[in-house]
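Step one of this worksheet: look at the structure below.
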Amino acid sequence: MGTPPGHSPETAILEAIRAVPRGQVAGYGVIARRAGLPGRARLVARILAANEDPGLPWHRIVRSDGRIAFPPGSPGYREQARRLVAEGVPLQGGRVRMPADDGSLDAAIWSPR
DNA sequence: CTGATGACGGCGC
DNA sequence: TGCGCCGCCATCA
């Protein structure tokens, strides 16, 4: 029908971000792919930077290597780290512990053990 | 229009 | 693991 998901890239990306469950993290590239925009990781970052929705779980979005995208020590960095820990996501040196790739396509989506 | 910048990602060393 | 280089995309000077 005439209700294709995500009429605009921004909407699709925001939806993908909101789809990340609490206590889990996802990479920018993963969000972009889930939004139907493979390779648009940078667009995801731009959307987040412009986002004003306080209900958006922006803190669950990290880089593909599990690191927080903000510069270490910056306000954004601290806030994201604080929120992640508050949700039960352990950080090590500002880096989310990534899982050993066991062949699951969900490797980019990590859940705390 | 060209060049630089950025909440990125992948690959090579 | 850390660092550098390059590719990709959108916005700004």
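Because the structure is predicted, anything quoted here is derived from the model rather than measured. Here is how names work: the chains are called A, B, and so on, in the same order as the sequence lines, proteins then strands, and each is numbered from 1.
Checking Ile47(A), Leu48(A), Leu14(A) one by one against Trp58(A), the side-chain contact (heavy atoms from CB on, under 4.5 Å) holds for a single residue, Leu48(A).
Residues Ile61(A) and Val25(A) fail the side-chain proximity criterion, which asks for heavy atoms closer than 4.5 Å. Counting heavy atoms from C-beta on, the side chains of Arg60(A) and Val89(A) never come closer than 4.5 Å.
Taking atom CD1 of Ile47(A) as the reference point, atom C1' of dC8(B) lies 14 Å away to the nearest angstrom. Atom CG in Asn51(A) sits about 17 Å away from atom C1' in dG6(B), given to the nearest Å. Between Arg46(A) atom CZ and dT11(C) atom P the separation is 6 Å, expressed in whole Å. In this structure, Arg63(A) atom CZ and dC3(C) atom C1' are separated by 12 Å, rounded to whole Å. Protein atom CG of Leu43(A) is 21 Å distant from nucleotide atom P of dG7(C), rounded to whole Å. Remark: P of dC8(B) and CZ of Arg33(A) are 17 Å apart, rounded to the nearest angstrom. Computed from coordinates, the Arg67(A) CZ to dG9(B) P distance equals 13 Å when rounded to whole Å. Look at OH on Tyr28(A): it is 17 Å from P on dA10(C), rounded to the nearest Å.
Donor-acceptor pairing under 3.5 Å, judged by distance alone, is absent between the side chain of Arg42(A) and the base of dC9(C).
A 3.5 Å limit on both hydrogen-bonding distances identifies dC6(C) as the Watson-Crick or G-U partner of dG9(B).
Arg40(A) comes within 4.0 angstrom of sugar-phosphate atoms only, judged by non-hydrogen atoms across all strands, and of no base. Looking at heavy-atom distances under 4.0 Å, Gly29(A) makes contact with sugar-phosphate atoms alone, never a base.
Nearest nucleotide to the side chain of Ser64(A), out of dA10(C), dG2(C), dG10(B): dG10(B). Set against dG9(B), dT1(C), dA7(B), the side chain of Phe70(A) has dA7(B) as its closest nucleotide.
Between Glu87(A) and Arg83(A), no side-chain nitrogen of the basic residue sits less than 4.0 Å from a carboxylate oxygen of the acidic one, so the salt-bridge criterion is not met.
Separation of atoms CG (Asn51(A)) and CD (Glu10(A)) is listed at 8.5 Å; rounding is to 0.5 Å.
Dashed line: the shortest gap from a side-chain N or O of Arg95(A) to OP1 or OP2 of dG2(C) is under 4.0 Å.
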